Peer 1: 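Below you will find the structure I want to go over with you.
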Amino acid sequence: MRWIHGTAPAHSATTKLARRPGVAPGPTRVDANEEKGYLAAEISRLRQSLRRDNQTITELRREQRRLTKQLRDGQKTADTASNRALPLCCFTNPEEQFRYEVTQISLWTIPESERAVQPLVDYVLGPDWLASIEAMDQADRRDIIEATVDVVTRRAPHKPSSDAHHLRTHTAGGAPRRRRADNATAMRCSIKRNTPAAPRLMWWVRPNQTLELGRVALHDDYRLR
């Protein structure tokens, strides 16, 4: 039982007090059924409010997960783009720029502890090298530079993914290795594996062990001079 319009009276009257003109209303006692109805309505209102609050919390948590995933994916994209970047263009001469990129990518990809045992060796660019890079649409320049780093650090023959091997005079089994008039030996490795046309990098190993970068070409293109 609850009292409204003032405090409970000292007596225990069981009837409502009538309001008389000019007299302040006295306390009104609410019966049990009215009290139960009020409490039930209040409980229902609170339950509805709680359901709305729970729904809002659920939606906020869902939005938080979405934004967290979006942030994580954005970071992965940024990291991937950064990892696939090329050094800045610092030279107008194409050969100087290429050599600069090879040096920089080697520093980016080879741990400092391994550089002493995997230094860049002497290499020269063959007559078709730079033009073949510009003409290659099936491989990114960054992929070509990384494959070049593997070649000029002599890592390529020791990396299964490079698939480095001698070029032969023809494709038949047991054909002799291809050699040039100056006795340089032709080599070949993958630039990208499991890709259409599987681009390749070809080079010569001269008798003094200097490397001559020959061409980048598609899988079935064996031209090399």
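Atoms considered below: every heavy atom in the structure, side chains included; atoms not considered: hydrogens, waters and symmetry mates. Keep in mind the model is a prediction, meaning the values are calculated, not measured.
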Peer 1: Take atom CG of Asn208 as the centre, draw a 6.0 Å sphere, and report whether it contains more than 12 heavy atoms from other residues, nucleotides or ligands.
Peer 2: yes

Peer 1: Can you tell me how far CG of Asn54 sits from OG1 of Thr58, rounded to the nearest 0.5 angstrom?
Peer 2: 6.5 Å

Peer 1: Could you give the distance from CG (Leu39) to CD (Glu34), rounded to the nearest 0.5 Å?
Peer 2: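 It comes to 11.0 Å.
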
Peer 1: Have a look at Val216 and tell me which of Ile191, Asp221, Asp143 forms a side chain to side chain contact (heavy atoms under 4.5 Å, CB included) with it.
Peer 2: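 Testing Val216 for a side chain to side chain contact (heavy atoms under 4.5 Å, CB included) against Ile191, Asp221, Asp143 leaves exactly one candidate, Ile191.
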
Peer 1: May I ask whether Leu224 and Leu125 are part of the same hydrophobic cluster, defined by side-chain heavy atoms of I, L, V, M, F, W, Y residues being less than 4.5 angstrom apart, directly or through others?
Peer 2: no

Peer 1: Given the ring of Phe91, does Arg99 sit roughly above its face, with NZ or CZ under 6.0 Å from the centre of the six-membered ring and within 45° of the axis?
Peer 2: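 Arg99 over Phe91 ring: no.
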
Peer 1: Within the 4.5 Å heavy-atom criterion, are Tyr123 and Leu213 side-chain neighbours or not?
Peer 2: yes

Peer 1: So which heavy atom on Pro87 is nearest to which on Gln104, and how close?
Peer 2: CG-CB, 3.5 Å

Peer 1: Nearest heavy-atom pair of Ala156 and Ser162: which atoms, and what distance?
Peer 2: O-CB, 3.5 Å

Peer 1: Carefully, step by step, assess Glu134 and Arg141 under the rule salt bridge (charged side-chain N to carboxylate O under 4.0 Å, His left out).
Peer 2: CA-CA 9 Å; Glu134 295 300 322; Arg141 185 176 178 93; 3.5 Å; yes

Peer 1: Quick one: do Trp204 and Val152 end up in the same hydrophobic cluster if we chain Ile, Leu, Val, Met, Phe, Trp and Tyr together by side-chain heavy atoms under 4.5 Å apart?
Peer 2: no

Peer 1: How many angstroms lie between atom CZ of Arg223 and atom CG of Asp128, to the nearest 0.5 angstrom?
Peer 2: 8.5 Å

Peer 1: Could you check if a side-chain atom of Gln97 sits within less than 4.5 angstrom of a side-chain atom of Asn93, using non-hydrogen atoms only?
Peer 2: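 When only atoms from C-beta onward are counted, Asn93 and Gln97 do not touch, as no gap falls below 4.5 Å.
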
Peer 1: Would you say Thr153's side chain and Val149's backbone share a donor-acceptor pair under 3.5 angstrom?
Peer 2: yes

Peer 1: Can Ile144 be reached from Met187 by stepping across I, L, V, M, F, W or Y side chains whose heavy atoms are under 4.5 Å apart?
Peer 2: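 Yes, Met187 and Ile144 fall within the same hydrophobic cluster.
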
Peer 1: Compute both the distance and the angle, then confirm whether Arg188 meets the cation-pi test with Trp203: under 6.0 Å from the six-membered ring centre, within 45 degrees of the axis.
Peer 2: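 No; the conditions do not both hold, so Arg188 does not lie above the ring face of Trp203.
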
Peer 1: Given the rule in the salt bridge (charged side-chain N to carboxylate O under 4.0 Å, His left out) test, do Arg142 and Asp140 qualify, once you have shown the distances and angles that lead to the verdict?
Peer 2: CA-CA 5 Å; Arg142 171 68 185 253; Asp140 295 335; over 6 Å; no

Peer 1: Is there a salt bridge (charged side-chain N to carboxylate O under 4.0 Å, His left out) between Asp150 and Arg155 once you walk through the steps?
Peer 2: CA-CA 5 Å; Asp150 286 340; Arg155 294 190 304 174; 2.7 Å; yes

Peer 1: For a quick test of reading the model, state the closest non-hydrogen atom pair linking Gly126 to Glu212 and the distance between them.
Peer 2: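 The pair with the smallest heavy-atom distance is CA-OE2, 3.9 Å.
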
Peer 1: Please check if the side chain of Ser44 supplies one atom and the backbone of Ala40 the other of a donor-acceptor pair under 3.5 Å.
Peer 2: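 No.
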
Peer 1: When you check the side-chain N and O atoms of Arg179 and Thr185, is any donor under 3.5 Å from an acceptor?
Peer 2: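 Per modelled atom types, Arg179 and Thr185 side chains form a pair under 3.5 Å.
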
Peer 1: Could you check whether any side-chain heavy atom of Cys189 comes within less than 4.5 Å of a side-chain heavy atom of Arg200, counting everything from C-beta outward?
Peer 2: no

Peer 1: Are Val124 and Trp129 side-chain neighbours, meaning at least one heavy-atom pair lies under 4.5 Å?
Peer 2: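 Not in contact.
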
Peer 1: Mind checking whether Glu95 and Leu130 have side chains closer than 4.5 Å, heavy atoms only?
Peer 2: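 Result yes, sub-4.5 Å side-chain heavy-atom pair found.
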
Peer 1: Answer yes or no: is there a side-chain heavy-atom contact under 4.5 Å between Met136 and Pro199?
Peer 2: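 In contact.
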
Peer 1: Which heavy atom of Tyr100 sits nearest a heavy atom of Leu88, and at what distance?
Peer 2: CE2-O, 3.4 Å

Peer 1: What's the separation between atom CD in Glu114 and atom OG1 in Thr109, rounded to the nearest 0.5 Å?
Peer 2: 10.0 Å

Peer 1: Side chains of His165 and Asp163: does their closest heavy-atom pair fall under 4.5 Å?
Peer 2: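 Yes, their side chains come closer than 4.5 Å.
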
Peer 1: Do Leu167 and Leu201 belong to the same hydrophobic cluster, where Ile, Leu, Val, Met, Phe, Trp and Tyr are linked whenever their side-chain heavy atoms lie under 4.5 Å apart, directly or via other members?
Peer 2: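 Leu167 does not cluster with Leu201.
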
Peer 1: Nearest 0.5 Å, what's the CZ-OG distance between Arg115 and Ser106?
Peer 2: 7.0 Å

Peer 1: Nearest 0.5 angstrom please: Lys192 NZ to Ser161 OG, how far?
Peer 2: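 If I round to the nearest 0.5 Å, the distance is 13.0 Å.
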
Peer 1: Does the pair Glu59/Arg62 count as a salt bridge with the N-to-O cut at 4.0 Å?
Peer 2: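 Not counted as a salt bridge, because no side-chain N and carboxylate O are separated by less than 4.0 Å.
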
Peer 1: What's the verdict on side chain to side chain contact (heavy atoms under 4.5 Å, CB included) for Leu107 and Glu112, showing C-alpha distance, side-chain angles and the deciding distance?
Peer 2: CA-CA 8 Å; Leu107 294 175; Glu112 183 177 3; over 6 Å; no

Peer 1: Relative to Tyr222, does Arg168 satisfy both conditions: NZ or CZ under 6.0 angstrom from the six-membered ring centre, and within 45 degrees of the ring's axis?
Peer 2: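 Negative - Arg168 is either too far from the ring of Tyr222 or too far off its axis.
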
Peer 1: How close do Val121 and Arg154 get, heavy atom to heavy atom, and via which atoms?
Peer 2: CG1-NE, 3.7 Å

Peer 1: Taking C-beta and beyond as the side chain, do Arg215 and Ile133 meet within less than 4.5 Å on heavy atoms?
Peer 2: no

Peer 1: Is there a donor-acceptor pair under 3.5 Å between the side chain of Gln138 and the backbone N or O of Leu218?
Peer 2: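 Side chain of Gln138 to backbone of Leu218: no pair is present.
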
Peer 1: Grab the two heavy atoms, one from Leu86 and one from Ile145, that are nearest each other, plus how far apart they are.
Peer 2: CD2-CG1, 4.3 Å

Peer 1: For residues Trp108 and Ile110: do they belong to one hydrophobic cluster (side chain heavy atoms under 4.5 Å, members Ile, Leu, Val, Met, Phe, Trp, Tyr)?
Peer 2: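 Yes, one cluster joins them.
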
